[in-house]
Structures are given as C-alpha cells and as structure tokens.
Amino acid sequence: MASSRIKSLTKLALLLGAPMALLLALFGSGVHCGHANRAAILGFERDWLGMDVVVPEPPAPAPVTTPVTTPTPVTPAPTPTPVVTTPVTTPVVTPTPTPVVVTPTTPPPVVDPAPVALGIVRDPIPLTITPPAPLPADLQARLAEPVRVRVTMLVDPELVDRRPDWIAYTQRHVAWASQVLEAQIGVHLELRGVLVWPDAQDTNLIALVADLQQRPRDGADLVLGLSHRSFAGAPVLSAELPADHNLGHALVQASPGSRAPHLRGMLHAVGQALGAFAIRDPASEPWRAGSFMADVLAPDTLAITLDDDSRRRLLERKSLPFAAAPQDLEPQEH
C-alpha cells in the first residue's frame, strides 16, 4: 500500500512540477532577453508602433589609450679583431627595444561644441528612399560642391504636447532630411536650435507664413516652422523668388499616419526655400513617382524621390545666399 502511494505521489509531482518548472524557465528567459534588448525593443515601439517611449542612449565607449613606444637605440657591434692564425668574428648583439609609455603633460586642446549634434541620431530612415539617378557632367560638379544650411526649428505647441520627445523627434527628422538632400543635391542641414513656436495656434496659412518671416534667425540661414497640421488643398502662396537669393523661412506641414510624419514635408519646405517649384498636378509623372516636391501626403509605400527638373534647379541654386522672405504674399487658387 505504501509503495502504491509513493508511486502515485511521484506521478502527481511529475505531472504538476514539470510544467511549472518549464513555465518558470520560459518566464525567466523572457525577462532576461527583454532586459538585455531593452533599447532595441523601445526603439521598435517608438518608430514602428508610434508609442511615446524614451529610448535610452547607448553607453559611451571607454576612451582607449594607445601606448607610445620609443625604441632603445641599437648599440653598434664592436669591430672584430683579426688574428694571424684563425680569424675570429664577434657576433652582433641587438638589444630588444623596451616599450615606454609616454604620459602627456599638456592638456588636450579645447574644441568648440557643435550647435546640436546630428551624430546622436542613429535611427535609420523608416521610409524607402530611391537612390539618386546619374547626373550629366555639368551637374556632377555642382553635386560635388558641399553646401551647409544652418537651420533653426520652431515647433508647434500642439506637437510639443503630443510628443514628450519633441526635441529628439525634430532632430531625427532634420537628420533624415539631411541624408536625402546630401545624396540628391549635396546640401547638408546643420541644426542650430529647436524652439517652441508660440504663435503657431493660428489656423490661417498666410498668417503662419507671415509670422515665420518676422522671426529672427539667430545665426541660422533658414527658419522652418514645424506644424502638426496638413494644409493639403489650401491656397498656394504666390511669392516672387529673388533670382540671386534663396528664401530664409518655410513652413513644414505634417503627413498624419506616416512613420516619419514630417520627413516629406521638411524636404518639400527646404526645396521651396532653395527655389524649387511645388508640383500640383496629381496626373504628372513626378507626382506619381513620389517626388518630395509633389505630394506631401504620399503614402509610405511610395518611395521618396526627386524629379529631374527640381533636382537640376536645386543644384543650380543651392549655393545662393539666403534672404528674408518677401512680405507681399497673396493667396492664389490652383
């Protein structure tokens, strides 16, 4: 009887204990993997699921000190003494150089800090970018000329309320737009500052652009207003672009639902500031191909590109200085 009970208890322990042990092992492994890959998981939730999470920065690598070695001078071998009977040659002994670690006594030079380092943006562009097409010889030289455009960003207060990471969000979009512009026209965007745009509550498009025109640049070449709204279908602002200057202000509209809601809008705004013309015909080839000078609300499934005419104009005008935007803007229906 006792033996039968022991067998029954053993079977019960195996039936209950084995699944519990497996569940605990799976749970422990999941917690360990989740903690080890916390930054990657939070980055996926932020960029692909649109969740407001803070992704921790990776730890800075420890500085590596390279020892500087000074070889010990080689002692010349003595001259062998000739012997009348049998010549004897003294072997040359070369001493092994001893490594010497030199500690610098002077402090390293002080380097001026960068305005806002775009190097901290490590996230890849979440949209598909079409590689730039080959250029004729006359435009290849223009593409090879690097141009730096210093940008100050003014952010809509409603966008600030919606995104606690609004500064990092703005930095990511400027870095992504800079990557596209560098490949297409050789223009690098340097972020000088990210500020709240207090007067962006106005829903009038003309009033928003007029307010941007009055904003001081504070050392920047271009002031961009980042709006949470899309102005598709609104009147197009007609302004006479100077032949020898680029515009110093532009409005960036949003593309709700996109994985990069302000990327196309930022490229479109910078393109207009540099003198490219907005494409308004949905039946045109640049519109269907996904040129960022066309539909700002294009779906994410359509790769971002730049049409040939806009690219040529931007290459020709990219080196022009920036001037204040004109004051006489009038709405014009298209």
Side-chain angles (χ1 to χ4, degrees), residues 38-60 111-127 148-182 187-202 208-209 211-212 214-230 248-270 273 292 296 300 304:
R38 178 170 176 264
I41 294 173
L42 290 176
F44 176 82
E45 292 176 347
R46 180 191 65 193
D47 298 328
W48 295 92
L49 302 182
M51 300 175 65
D52 291 330
V53 295
V54 178
V55 180
E57 292 292 336
V111 180
D112 294 336
V116 178
L118 293 181
I120 63 174
V121 178
R122 300 180 179 90
D123 303 336
I125 300 177
L127 304 182
R148 181 188 64 172
V149 177
R150 297 166 295 183
V151 179
T152 294
M153 300 298 304
L154 301 181
V155 184
D156 189 331
E158 186 164 344
L159 184 61
V160 173
D161 293 338
R162 293 180 180 180
R163 299 197 64 98
D165 63 334
W166 59 280
I167 295 180
Y169 173 87
T170 304
Q171 288 180 336
R172 287 197 299 273
H173 280 75
V174 173
W176 293 338
S178 181
Q179 292 179 37
V180 177
L181 293 173
E182 286 185 64
V187 170
H188 171 75
L189 299 183
E190 180 184 285
L191 185 58
R192 304 292 295 183
V194 182
L195 307 172
V196 178
W197 186 8
D199 297 330
Q201 305 290 353
D202 200 321
L208 288 176
V209 176
D211 181 77
L212 281 176
Q214 305 302 323
R215 295 288 171 178
R217 298 187 187 179
D218 296 330
D221 301 309
L222 180 62
V223 176
L224 296 178
L226 203 66
S227 174
H228 76 283
R229 299 175 52 211
S230 169
H249 303 77
L251 180 65
V252 180
Q253 58 179 308
S255 177
S258 172
R259 293 193 299 271
H262 285 90
L263 179 54
R264 285 185 185 270
M266 189 172 298
L267 292 169
H268 188 92
V270 175
F292 61 72
V296 177
D300 287 354
I304 295 178

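- Side chain of Arg259 to backbone of Pro126: a donor-acceptor contact under 3.5 angstrom is found.
- Ala220 approaches Arg192 most closely through the heavy-atom pair CB-CG, 4.3 Å.
- Contact of the His249 side chain with the Val209 side chain is not registered, since no non-hydrogen atoms from C-beta on lie closer than 4.5 Å.
- Rounded to the nearest 0.5 angstrom, Leu189 CG and Gln179 CD are separated by 10.5 Å.
- Closest of all the heavy-atom pairs between Ala254 and His228 is CB-O, 3.6 Å.
- Contact check for Ser258 versus Leu263: no side-chain heavy atoms found under the 4.5 Å cut-off.
- The closest side-chain heavy-atom distance from Leu224 to Thr152 is not below 4.5 Å.
- None of Leu191, Val223, Ile167, Leu195 except one satisfies the side-chain contact (heavy atoms from CB on, under 4.5 Å) rule with Met153; the exception is Leu191.
- The minimum heavy-atom distance between Ala273 and Ala250, with the atom names listed, is CB-CB, 4.4 Å.
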*Kindly indicate, with the supporting measurements, whether the criterion side-chain hydrogen bond (donor to acceptor under 3.5 Å, both in side chains) is fulfilled by Trp176 and Asp123.*
CA-CA 9 Å; Trp176 293 338; Asp123 303 336; over 6 Å; no

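- Residues Arg264 and Asp300 are not paired through a salt bridge, judged by the lack of any N-O separation under 4.0 Å between the basic side chain and the carboxylate.
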*Let me see the working for Met266 and Val174 under side-chain contact (heavy atoms from CB on, under 4.5 Å), right down to the final yes or no.*
CA-CA 8 Å; Met266 189 172 298; Val174 173; 3.9 Å; yes

*Let me see the working for Asp221 and Arg217 under salt bridge (charged side-chain N to carboxylate O under 4.0 Å, His left out), right down to the final yes or no.*
CA-CA 7 Å; Asp221 301 309; Arg217 298 187 187 179; 5.7 Å; no

_side-chain contact (heavy atoms from CB on, under 4.5 Å) between Leu208 and Gln253, intermediate numbers included_ = CA-CA 11 Å; Leu208 288 176; Gln253 58 179 308; over 6 Å; no

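- For the atom pair CG of Leu154 and CG of Leu226, the computed distance is 9.5 Å after rounding to the nearest 0.5 Å.
- When side chains are defined from C-beta on, Val270 does not count as touching Val149, because their heavy atoms never get closer than 4.5 Å.
- Asp211 has its side chain within reach of Trp197: a pair of non-hydrogen atoms, C-beta onward, lies under 4.5 Å apart.
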*Could you go through the side-chain contact (heavy atoms from CB on, under 4.5 Å) check for Tyr169 and Leu159 one step at a time?*
CA-CA 10 Å; Tyr169 173 87; Leu159 184 61; 4.1 Å; yes

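- The pair Glu190-Arg148 meets the salt-bridge criterion, since a charged nitrogen lies less than 4.0 angstrom from a carboxylate oxygen.
- When side chains are defined from C-beta on, Val196 does not count as touching Val155, because their heavy atoms never get closer than 4.5 Å.
- Between the side chain of His268 and the backbone N or O of Val296 there is no donor-acceptor pair closer than 3.5 Å.
- The two residues Ala177 and Leu267 have their closest heavy-atom pair at O-CD2, 3.6 Å.
- Separation of atoms NE2 (His188) and CD (Glu182) is listed at 5.5 Å; rounding is to 0.5 Å.
- The two atoms that bring Gly265 and Val252 nearest to each other are C-CG1, 3.5 Å, heavy atoms only.
- Of the possible donor and acceptor atoms, one in the side chain of Thr170 sits under 3.5 Å from a partner among the backbone N and O of Trp166.
- Checked against side chain to side chain contact (heavy atoms under 4.5 Å, CB included), Ser227 has the following partners two or more places apart in sequence or in another chain: Asp156, Arg229, Phe231, Leu251.
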